[in-house]
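Reviewing the structure listed below.
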Amino acid sequence: MILSIVLSYTYMTNTGQVRNMATLKDITIRLKSIKNIQKITKSMKMVAAAKYARAERQLKPARVYGNGAVALYEKAEIKAPEGVANKHLLIGVSSDRGLCGAVHSNVAKAIKAKIATLTGEGKEVMVVNVGDKLRNILQRTHSNYLLLSCKEVGRKPPTFTDASIVATELLNMGFEFDQGAVIYNRFRSVISYKTDEKPIFSIDTVANSENMGIYDDIDADVLRNYQEFALVNIIYFGLKESTTSEQSARMTAMDSASKNASEMIDKLTLTFNRTRQAVITKELIEIISGAAAL
Amino acid sequence: MMAARFLRCSLPVLRQARCYADAPSGSAQMSFTFASPTQVYFKEASVKQVDVPTLTGAFGILPAHVPTLQVLRPGVVTVFNDDGSAAKFFVSSGSITVNADSSVQLLAEEAFPLDQLDVAVSTQHPLIDLFIISMATGGQLLSCRPQGG
């Protein structure tokens with residue numbers, strides 16, 4: 001196969017100079033465009049690195065805060081009653097912007113898998129997605145599960161106010177869920193993140209849970225306020241982890257894109273030089289053979 | 001028969017050796033976490049006492065406090081460290097959880113150490129107005145101009 005390619009190449013070069021000049025120009029155009037792309041991906045990587053550094057700095061207190069918020073659920077081992085037809089709420093946290101690797105598709109995959117298992121068990125599921133990319137992925141196949149969609153996520157670092165807006169809208173929708181989960185990408189290190197979920201419960205589930213009896217002096221009002229605040233906290237925690245994972249994923253994606261681009265540039269430069277030398281050699285041969293003919 | 005009934009009655013009494021005043025089951029130390037979304041003030045620290053203002057009144061929480069959940073009201077949180085020093089923070093709102101293992105999570109939406117709040121500075125900041133109001137209703141004496149003219 002390689003021999004036939006070589007033969008066809010030599011055949012093509014014999015068809016005239018015009019072919020080679022066009023090839024040289026093609027290579028030049030391609031080289032220029034790839035060099036531009038490499039500049040863009042390099043600058044995107046630096047921007048993502050700066051944003052990642054800031055996001056990681058803000059993640060440290062947010063992690064302590066988020067772990068404090070779920071401590072009650074873990075220590076009191078709150079579980080929704082099994083076997084009852086529960087209503088589930090899934091909150092998928094992602095962002096609007098792409099070029100960040102598999103961040104959005106990981107969350108979407110986890111949500112789709114959970115929907116499949118829950119509907120298989122006969123439970124009702126609704127999904128809230130934070131981030132346009134997630135909506136685009138889910139809308140194609142699971143559009144009748146979407147309850148609420150949030151945009152303008154990912155441009156600026158998320159704040160507690162953003163989380164409270166999401167929680168307020170969600171509670172205003174009036175979907176009486178029994179339990180649910182926030183699905184987000186947990187940040188592990190610069191090169192790795194993992195899709196994780198944190199549980200959320202409704203007021204009734206918490207109030208009727210068996211271990212709640214040890215908690216003293218709780219009336220319905222206090223519990224409702226406490227639960228709403230806890231919901232905002234968990235969403236805030238998911239948002240913070242998600243942005244850090246997204247920025248680190250974008251940094252690695254742009255880094256590998258720049259590396260690929262520089263590899264292509266090296267290969268193309270070699271091809272360009274070889275083609276150039278071939279053109280010169282051919283011209284020389286033509287001149288010499290023409291002079292010999294005279 | 002009487003003896004058997006007597007035996008049956010005595011056994012439950014033995015099991016309920018402590019009923020009215022159960023010994024506290026929590027550990028002797030409090031694991032205190034105090035954080036706002038942007039900053040952590042205490043992380044699983046061991047402190048002597050924490051005073052918190054809640055919607056149902058002001059609480060003083062010591063190690064082995066009975067488990068409870070409360071919602072905070074704007075006011076001052078005082079943390080008494082093990083060495084006796086006290087640190088005061090102003091919180092706007094939030095929640096506090098005391099678990100059975102004597103761990104306390106105080107999560108505040110906004111929290112600032114009192115010495116960072118300069119009341120003499122422009123009181124257009126809504127947080128400082130809130131602080132002044134809470135101080136006034138909390139009965140603490142603070143000399144400042146009333147807001148709203």
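The backbone N or O of B:L107 sits nowhere less than 3.5 Å from a side-chain atom of A:Y65 that would complete a donor-acceptor pair.
The two residues B:A108 and A:F229 come nearest to each other via the heavy atoms C-CZ, 4.4 Å. Closest approach of B:V71 to A:V222, counting heavy atoms only: CG2-O, 3.5 Å.
Under 3.5 Å, the side chains of A:Y215 and B:T97 contain no donor-acceptor pair of N or O atoms.
With rounding to the nearest 0.5 angstrom, the NZ atom of A:K60 is 10.5 Å from the NZ atom of B:K43. Here B:T54 contributes atom OG1 and A:N225 contributes atom CG; the two are 11.5 Å apart, rounded to the nearest 0.5 Å. Expressed to the nearest 0.5 Å, how far CD of A:Q227 lies from OG of B:S95 amounts to 10.0 Å. Residue A:T161 holds its OG1 atom at 7.5 Å from CD of B:E109, rounded to the nearest 0.5 Å.
Shown here is A:K45, whose NZ atom has no more than 12 heavy atoms of other residues, nucleotides or ligands within 6.0 Å.
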Handout entry: Derivation and outcome, side chain to side chain contact (heavy atoms under 4.5 Å, CB included), residues A:L72 and B:Q105
Key = CA-CA 9 Å; A:L72 168 71; B:Q105 286 91 26; 5.9 Å; no
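Residue A:A230: no heavy atom, backbone or side chain, is found under 4.5 Å from chain B. Looking at A:F160, only its side chain comes within 4.5 Å of chain B, counting heavy atoms on both sides. In this structure, the portion of A:N233 lying under 4.5 Å from any heavy atom of chain B is its side chain and not its backbone.
Looking only at heavy-atom pairs under 4.5 Å with chain A, the residue among B:T38, B:I96, B:L55, B:L69 that has the most is B:L69.
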